[in-house]
Each structure stands twice: as structure tokens, then as C-alpha cells.
Student: 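Dumping the structure here so I can ask a few things about it.
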Amino acid sequence: MTNKSIAERFFGKVHKTDGCWLWIARCDKAGYGRFTMNGREESAHRSVWKLKHGDIPEGTCVLHRCDNPPCVRPDHLFLGTQKDNMEDCSNKNRFAQSRRTHCPQGHSYAGRNLILNAKGWRECRLCNNEKSRRYESRHK
């Protein structure tokens, strides 16, 4: 029995179509493929980037142009920061949160009522003000 190369093992788990190349082995809850390379399990789209382009700089994400989590087609992937990933997600309206027009209390996320916190998450100014008033009244 001969040992298969990492690339042979990897591409043996891929179904190539005219569009996306679909990962047909184990996937995580979000639909991203999982692959073990050099004794370490990671996302399959990160693995294929390493196979085709080499190491990924620390803190860098591998993003999908096609927005298809099981896709491992190298030309559907690009590098970016976590901020780039979140902006891409928001711009393509993939965030459930980005589709919400009102906070849980029913206030609109429009105009001056929209706040972006330090993590870039949307918050309601009216709810934040009320939360601050409650905090200050408890800590006087």
C-alpha cells in the first residue's frame, strides 16, 4: 500500500463542477469542510489555499467570493482580514443581524439611533442610553 500525498488525499474529497468545487467529506455546523493536514484539522478552504499558494499569514482569513461554505475552488478564494470578512459578509447581506431593521425592543436602526460599538456590532442608541441610566442609578 502506498501513502497518498496530501494533495491526493485532499482532492479525493472534492467534487468538481463547472462552478464551485464542493467538499464532500466532513463539514462543520456552518457547512465548511474540515481536513486534517500535517496532524492538524482546519477548514478545507484554508487547506486548499496552503496547497496552492503556501502559508497563510497569521491573522489572515481565507474568504469566499462565491459565498458557498463547502467550496474549495482556489480561484473562488481570496485573503483578507477579519474586518474584510465581516464587511464582505455584511455587504452581501449574509449576516442575519444586518437584515434586521429594528433592535429587540422595536427601535429602528436608522439615523442617529444606530451605533456601531468597538467590535463593529450595531446597537440601539435609545436602549444604550436606558441601560446607562439603569447602571448609574444602581452605582450611585
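Please read all numbers here as calculations on a predicted model, not as lab measurements.
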Student: Under the side chain to side chain contact (heavy atoms under 4.5 Å, CB included) test, which residues partner K50, sequence neighbours left out?
Tutor: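 If we apply the side chain to side chain contact (heavy atoms under 4.5 Å, CB included) test to K50, skipping adjacent residues, the hits are M37, R40, E42, I56.
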
Student: Is it true that R133 and E130 have a side-chain N and a carboxylate O under 4.0 angstrom from each other?
Tutor: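 Salt bridge flag = yes for E130 with R133.
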
Student: Between W23 and F35 (judged by ring centroids, cut-off 6.0 Å), do the two rings come close enough to count as a pair?
Tutor: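 Between W23 and F35, the centre distance is under 6.0 Å.
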
Student: Suppose we call two aromatic rings close when their centres sit under 6.0 Å apart. Are H102 and Y109 close by that rule?
Tutor: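 No, the ring centres sit 6.0 Å or more apart.
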
Student: Can a donor-acceptor pair be found, under 3.5 Å and without considering hydrogens, that links the side chain of H107 to the backbone of C103?
Tutor: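 No: the side chain of H107 does not pair with the backbone of C103.
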
Student: Does CZ belonging to R134 count more than 12 external heavy atoms closer than 6.0 Å?
Tutor: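 Check passes, neighbour count above 12.
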
Student: Using atom types as modelled and distance alone, determine if a side-chain donor or acceptor of N85 lies under 3.5 Å from a backbone N or O of G80.
Tutor: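 Checking the backbone N and O of G80 against the side chain of N85, no donor-acceptor pair under 3.5 Å is found.
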
Student: Output every pair passing side-chain hydrogen bond (donor to acceptor under 3.5 Å, both in side chains) with a member in residues 55-72, not counting sequence neighbours, ordered by first then second residue.
Tutor: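 Output for this query lists D67-K92, D67-R94.
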
Student: If I compare all heavy atoms of F10 with all of S47, which pair ends up nearest, and what's the gap?
Tutor: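 Answer, listing the atom of F10 first, then S47: CE1-CB, 3.9 Å.
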
Student: If we ignore hydrogens and angles and just use 3.5 Å, is the side chain of R125 paired with the main-chain N or O of R112 as donor and acceptor?
Tutor: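 Present.
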
Student: Give a yes-or-no answer on whether the side chains of S132 and N129 include a donor-acceptor pair shorter than 3.5 Å.
Tutor: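 N129 and S132 do not have a side-chain donor-acceptor pair below 3.5 Å.
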
Student: Do you know the tightest heavy-atom contact between H45 and V72?
Tutor: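 Residues H45 and V72, closest heavy atoms: N-CG1, 4.0 Å.
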
Student: Might you point out which heavy atoms bring L79 and P57 nearest each other, and give the distance in Å?
Tutor: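 L79 and P57 have their closest heavy atoms at CD1-CD, 4.3 Å.
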
Student: According to a 4.5 Å side-chain heavy-atom criterion applied to Ile, Leu, Val, Met, Phe, Trp and Tyr, with indirect links allowed, do I6 and V62 form part of one hydrophobic cluster?
Tutor: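 Yes, because I6 and V62 connect within a single hydrophobic cluster, where side-chain heavy atoms sit under 4.5 Å apart.
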
Student: Evaluate the side-chain proximity of C124 to N113: yes if any heavy-atom separation is below 4.5 Å, no if none is.
Tutor: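 A side-chain contact under 4.5 Å exists here.
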
Student: Do Y32 and L77 share a hydrophobic cluster (ILVMFWY, side-chain heavy atoms under 4.5 Å, transitive)?
Tutor: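 The answer is no; the residues belong to distinct hydrophobic clusters.
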
Student: Stepwise, does the side-chain contact (heavy atoms from CB on, under 4.5 Å) test hold for K131 with N128?
Tutor: CA-CA 5 Å; K131 184 169 46 173; N128 261 10; 3.7 Å; yes

Student: If you link ILVMFWY side chains whenever their heavy atoms are less than 4.5 Å apart, which other residues fall into the same cluster as L63? By chain and number, please.
Tutor: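 Result for L63 is F78.
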
Student: Cation over ring, K16 on F11, under 6.0 Å and within 45°?
Tutor: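 Yes, K16 sits over the ring of F11.
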
Student: Only counting residues at least two apart or in another chain, list the ones meeting side chain to side chain contact (heavy atoms under 4.5 Å, CB included) with T36.
Tutor: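 Per chain and number, T36 pairs via side chain to side chain contact (heavy atoms under 4.5 Å, CB included) with E41.
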
Student: So, S43 side chain and R46 main chain: donor-acceptor pair closer than 3.5 Å or not?
Tutor: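 No, because the side chain of S43 does not come within donor-acceptor range (under 3.5 Å) of the backbone of R46.
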
Student: Please enumerate all residues that pass ring-ring contact (aromatic ring centres under 6.0 Å, His included) together with H76, with sequence neighbours excluded.
Tutor: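 With neighbours one apart ignored, the set is empty.
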
Student: Would you name the heavy atoms of C20 and C66 that are closest together and state the gap between them?
Tutor: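 Scanning both residues completely, I find the closest heavy atoms to be SG-SG, 3.8 Å.
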
Student: Decide side-chain contact (heavy atoms from CB on, under 4.5 Å) for R122 and I115; before the verdict, give the C-alpha distance in whole Å, the side-chain angles of both, and the deciding distance to 0.1 Å.
Tutor: CA-CA 6 Å; R122 296 182 313 160; I115 301 171; over 6 Å; no

Student: For the side chain of R73 and the backbone of D18, is there at least one donor-acceptor N/O pair under 3.5 Å apart?
Tutor: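 Yes; judged by distance alone, with no hydrogens or angles, the pair exists.
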
Student: I'd like to check the ring-ring contact (aromatic ring centres under 6.0 Å, His included) partners of H53; sequence neighbours left out, ordered by chain and number.
Tutor: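 Partners of H53 under the ring-ring contact (aromatic ring centres under 6.0 Å, His included) test: W49.
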
